[in-house]
Every structure is written in structure tokens, then in C-alpha cells.
Amino acid sequence: MENTLQTQEDVAETNLTTSGFQFRTPADIQDFSDNPAKQEAMNQLWSANLDGFTQQGMLSNPWNTINTPSTTNYYNPVQNNPSSDTASVQWSAFPGRLAYNYPTATQASLNQMADTGVMPAPISDNPCGDTGNSVPYFPYGPRGWQDEYCEWAVTRNAAGKITRIDFTCENPEYWNSLWLIDPNKVLALYQSILGKPQITLADLSVPNITDPITQGPVYNPLNIWNSGPVSSATQGGAIHLTSTPNTLQTEIGLATAATVQRINADGSTSWPSSQYNALLCDAQYGQKHRNSDPNIGGTVNSFVTLGNVVTLADPPGLYIQMPNFAGNNYEAPNGDDPAAFWTIVRGSETLDSQDGTQLPGNFILHAVYEVPANKGYTVSDITINGSPIEWGSQVAATFKMQIVASAYEGTKPAGYGPVDDTDPAHTFAQPIQLFYESYFNQVYNTSVPNPVDNPISLLSNSTFIPPTVFIGASSIQMVLICGTITYTDGVPSTYPTVSFTNPGVTATVTAVQSNVYYAVPGNSKPSENFALYLTVAVSENASAGVTGVYVTNQGQVLSQAMPALLSVLPITVQAAIEWQNTGVQIEPSSLLSIAYVSGLWTANPQDNNGQLYNANGTPSNIPAKAGYTMPGQNEGSLIGKVGDTVFFVGMGTNIPPNLSGELLLCINDDLSGAYGQGFADNEGSIIVQVNSL
């Protein structure tokens, strides 16, 4: 099923830049290289998402913390893209917190823990404090403990020997974006990357839920083929990161927070590498004792201490480095070269910047370590420093992970004390995430098991990609997750108010739910939050674009909006979707018109010499047959429906009176596929506008 191609392209087009810069996809990978229109839509959507993540990170937390100013020494290249220098920041892919939490464990035991997630004892939930509660090892989830932005899944034969290890550092936001462009591309990539043609679209989808706009499936990031450390013919694999802190939005948030200078005990803002964990605790970014977070944050902070203005170099991402085969004394049977069994499946060994300069390090997104079957031996017959490979973690310990920073000379900012909570008089309601209610209810109530038997909600694996609503939509049921709100249960007059930076979008809070317990994406532990149930409306005069969201407690002034939580778009009708929702609610008294604005599509690529056409339908003027959207009207024309009433729209019409229900739109084509491929071969999309008469 083709999804909202034009819709997602419009997301990006309304996100105007001032520098002319566009973020590239991770490792500049082009998954739609055979379809330029889809690839352009993907590129634009991805850049728009990264722009939103960057805005969110640069704002910091003005709602309920102190010493968290908006950043001055981090830059968003979409708005400002000067010449800069790059530097590699690297760390070990092996989970560093294991050795810290279990200091007496042998390396063999640590290797086993890193692969299985089975831990010998609980740990403290407060690594930055003197006191804490004893809790199961976190992050939770089927690969939660692999928290160095690298995860892997191991395939074994009947004898228990390792035949293949899949390593991935791909971020979940990219795969969710890819799904928005075309779920079938995601399916094809799963099948080819894992070598498992048995994977189906249903396998990758959240059960019992559909996309509110397309009626298509919703992506499940913890589907059976991307869940856990074991891969087999019936389940398991490693396509993208799943540990809750392993997200790109988090990485951007960590980097932005690390640019704020912190005053050390000696009164300076200099922090040597031996104090990177202490700096992390003062700044409250990331997780102490990881190999990644303290090193990334400390290194970025040190760049700013020297007076630099920094960002994550394009294309932002987490990248696997080539293993050190020689330095770790890999040895394979028969004198074979162990390095020959390392295959880069996605990404590349080298990559240039947009100006043609080679960037430092490697840009590997997915790698496989596998001995060909004709060799007659397995990965487990290869040794590292004399020990057979019994666990994937042994290989992970021989390579590094990387981000690339980019910096130019600026001015050193002032220093701040440690991050702390605000006093009650200066604590404001904090917007966090926005969802469609149907998505929230299904995903929040889906529990994800894990090896330490501390299930976590699937909502923890959501992303900050903003949901889309159409101009003119009304009565949209949504849920806003927020923190530090005040209200009286069951008294609507005390509920916080919700508003938007786009004045054409309004919301009414209908209910409040407390104790919404999940790990907000990017966080290592679950926390308790609030859910505001909203009815959202978008006026017919609303402007298109990404909008921020305010939450205001009763009696308080408007605080800061959380950027990029909602995308507002013109109504876009896909040729490949049957009866697409618009969100526009029609009442019996409604006096509305609908008009074609732009775009081209086709219900049959074999018609009209393969040329697309507008909402009037095919220039060949072919009356639709029985079983089409509207028999008798021109094939490929725009058709509307409210309730059981179907009507011709074409280039424009008044919506018939005395109808009640949501306005649905559809190309005039074979709904059952009785005469050919039905909607499967349709191409293109059109934009329409609904106006009051």
C-alpha cells in the first residue's frame, strides 16, 4: 500500500529554511532510489523531522527546571549554516554500565549479560545520587540493556553455534518516517536485510489499529522481527534501535544540552574527561556510566569551552565503525581472513560532506558478521584473542560507535550551576508528546516483556515525529502527554488549557488521566506523566506547517510552546488509498464547497499514455463500471462520500445538504480489483480545499 507521499512532502515544504540547507538521511542512504518522487518526499520529510528535533533540543526545559537556558552555542544548519570543521566522537559499542553495576563479574559473564539481558541482581535507580531504590536493570525492553546506540541479534544453528550476527545503529525515527512514505518499502527492506522473505506487512504492524488518515497499518517498532537479541526463522532480528534511550532525537537533545557550560567545583567551566560522568549528572543529560553519553556530552561541552558553536554534522546519525580485526587477534580456521566475513549491509565505509570533503570515520548503519555456509564452519569457530566467539557482544567489543560534530569559532558562553527543579511558583505545565487518541490507547495498553521481567508500555517506543491533521478538520480526538500540571480531578473548569503557535488550531481538554507510566522516548527509565484528552479543530483558514503546543495551568500565564508537535497540512487525497479520511465533519446544516487546488494522479498508468491528470479524471472520458467508487462517472475523477451518500466532486462542487458524518474522498477506481489491479497500481495525489459558502 502506498501511503501519504504528497502529504509528507507537504510537511517539509511548509517547513521553510533560511539557509537553503536540507539535512540528509542517515549515511545519505536513498531507499527510494528507483522512485525519485518518493525519494524527494522522504528527503524532505526527514529534513523537516530533524529540524523539529533540533528546535526541541535547543529550547531545553523552561517549564520545570532551573539552569536550563535556551542554547547559545548550538546551531541549526536549517537556519544558519556557516563553514565549519568536523571532529569524530567515538565510544565502545559494548554496554559500559554492565561492568560498573556488576564489578566482580567475569568478562565471560559480562559477555553473556550483554547478549541475553539476564542480570544477576537489581541496580540503583539513581546513579547520580547517594541514595536510590533497588530496581530491575534498566532500560527495559527486549534489547533495553544494549544502550550504547548499537544493538544486535544472534542467529544460531541446531548445535547452538553462532551462524550470523546482525548489528544495527539505525534510529527508529528514520524507519517510522520511511513507513509514512511507503509501508511496502519497509516490508521489502526487512525481507532483504534479514534474508527472511516470510515477513509480512501484518507482522510489522500494530494490531487492532489503523492510521487515522490513510486507514492503513501503523508501524510497530517492536514487531516480532525487530525484537530481542535472538534471531530465527520465526522471529527476531535487528533492523533498528529499540532501547528507549537509543533515539536520534535523544542524541540531538544530549548534544544541545551539553553545550550549556557548567561551573565546576574549582569555579571554572572546564571539565576533564575524568569528570565527564560528574558533568553529565550536573547537566542531567543521558545515563551515567554508559560509554556513550558521558563521552559525547563531555566532548561536545569541551568544544564549547574553547569558544566554539557546534552541531551534529550532516548527516546526523549514530554510526558503527569497522572492527579492529588485527588488534583483537581474530583468527579463522584454514587461515581464512576473519575480516572477509564482515559485510556492510546499509551505510558506507566512507562518506563526504555536502561540499565534497571526506568526513571522519565510517558511516555503517547495519553490518552482518556471517561465515558463508560453503566454508563448513561457523562464526563460533572464529576466535578473538584466543577465545571462541560464543556471544555477539565479543564482536561488539572490537568496534567503536561514532557521531560526528561540526563546529565554528564563536564566543564562550557564561556558566551555570547544576540543573535543578523549579520552586512551585515558577513551575509551569510542560508539553511532551502529542498522539491520536486511537494510537495512544492501543499502544499505551500494549505491554512489552523483557528479560528482567519488568514489562514496559509500547508507548515508550513511540517517536517525536509530529502527527498530521488536515486543514478544515474538526472533532479530532488526540492525547497530549505533559508534566507538572495542576487540576482537580473531575472538575473541568480546573483543567489546563491547550493552545498552539498556529492560531488556526484550537483544542478543548475533555479529560485528564494521571499516572501515565512509560519511558518518554530518549529516557532510560519510565516516569509518571499526565495525559490530556483533547478535541482538536483546524479552521479552514489555518496556515499549513509544523506547529508548537502550549499547556497552561489555570491561573498561570502562557509559558513556552514545545516546538514541532503537530503538522497541519492541506487536504491531500492519495490515488492509492480507498476512501481517505479528511477529518472534516459534516452536519445537516453545513453549507460547504470542495474544490481542487493542485496535484495530479491516475487510476490506470496504462491510460493517457502514462500521463497523470487532475481531479476531472482521465482525458479519455471512460465511464466507471459497476464496482467502482462511483459507476458512470469518469474514471480517475474525484469522488466524495458522507455517510452512505456518494457524490461527484471532480474539479469542485458544493457538498450536498442534510448530510451527517465525516467527509471521505477517493479516486474513481475499481474498489474490488475485479477488472485489474484496483488501487495497487494507482499513482499520484491531489490537494483539495473545503470552504464555507
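Numbering of residues begins at 1 and proceeds along the displayed sequence. Atoms considered below: every heavy atom in the structure, side chains included; atoms not considered: hydrogens, waters and symmetry mates.
Donor-acceptor pairing under 3.5 Å is lacking for the side chains of Gln394 and Glu390. Between Trp145 and Asn450, the side chains place no donor N or O within less than 3.5 Å of an acceptor N or O (distance only, hydrogens not considered). A side-chain N or O of Asn76 and one of Asp51 form a donor-acceptor pair less than 3.5 Å apart. With 3.5 Å as the limit, one finds no donor-acceptor pair spanning the side chains of Thr168 and Glu170. Side chains of Gln249 and Glu173: a donor-acceptor N/O pair is absent below 3.5 angstrom, by distance only. With 3.5 Å as the limit, one finds a donor-acceptor pair spanning the side chains of Asn385 and Asn329.
Contacts of Ser273 classified as side-chain contact (heavy atoms from CB on, under 4.5 Å), with partners at least two apart in sequence or in another chain: Tyr276. In this structure Ser348 satisfies the side chain to side chain donor-acceptor pair (under 3.5 Å) test with no other residue, sequence neighbours excluded. Under the side chain to side chain donor-acceptor pair (under 3.5 Å) criterion, Tyr137 pairs with Arg97, not counting sequence neighbours. Considering only residues two or more places apart in sequence or on other chains, Lys161 meets the side chain to side chain donor-acceptor pair (under 3.5 Å) condition with Asp381.
Applying the side chain to side chain donor-acceptor pair (under 3.5 Å) test to residues at least two apart or on different chains, the pairs with a partner in residues 454-465 are Gln433-Ser462.
Aromatic pair Tyr174/Trp46: centroids less than 6.0 angstrom apart.
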Cut-off 3.5 Å, no hydrogens considered: what does the side-chain donor-acceptor table look like for residues 365-374, sequence neighbours left out?
from, atom 1, to, atom 2, distance (Å)
His366, ND1, Ala238, O, 3.4
His366, NE2, Asp166, OD2, 2.8
Tyr369, OH, Pro338, O, 2.9

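In this structure, Ser393 contributes its side chain and Asn111 its backbone to a donor-acceptor pair below 3.5 Å.
Judged by the 6.0 Å distance and 45° axis criteria, Arg290 is positioned over the aromatic ring of Tyr149.
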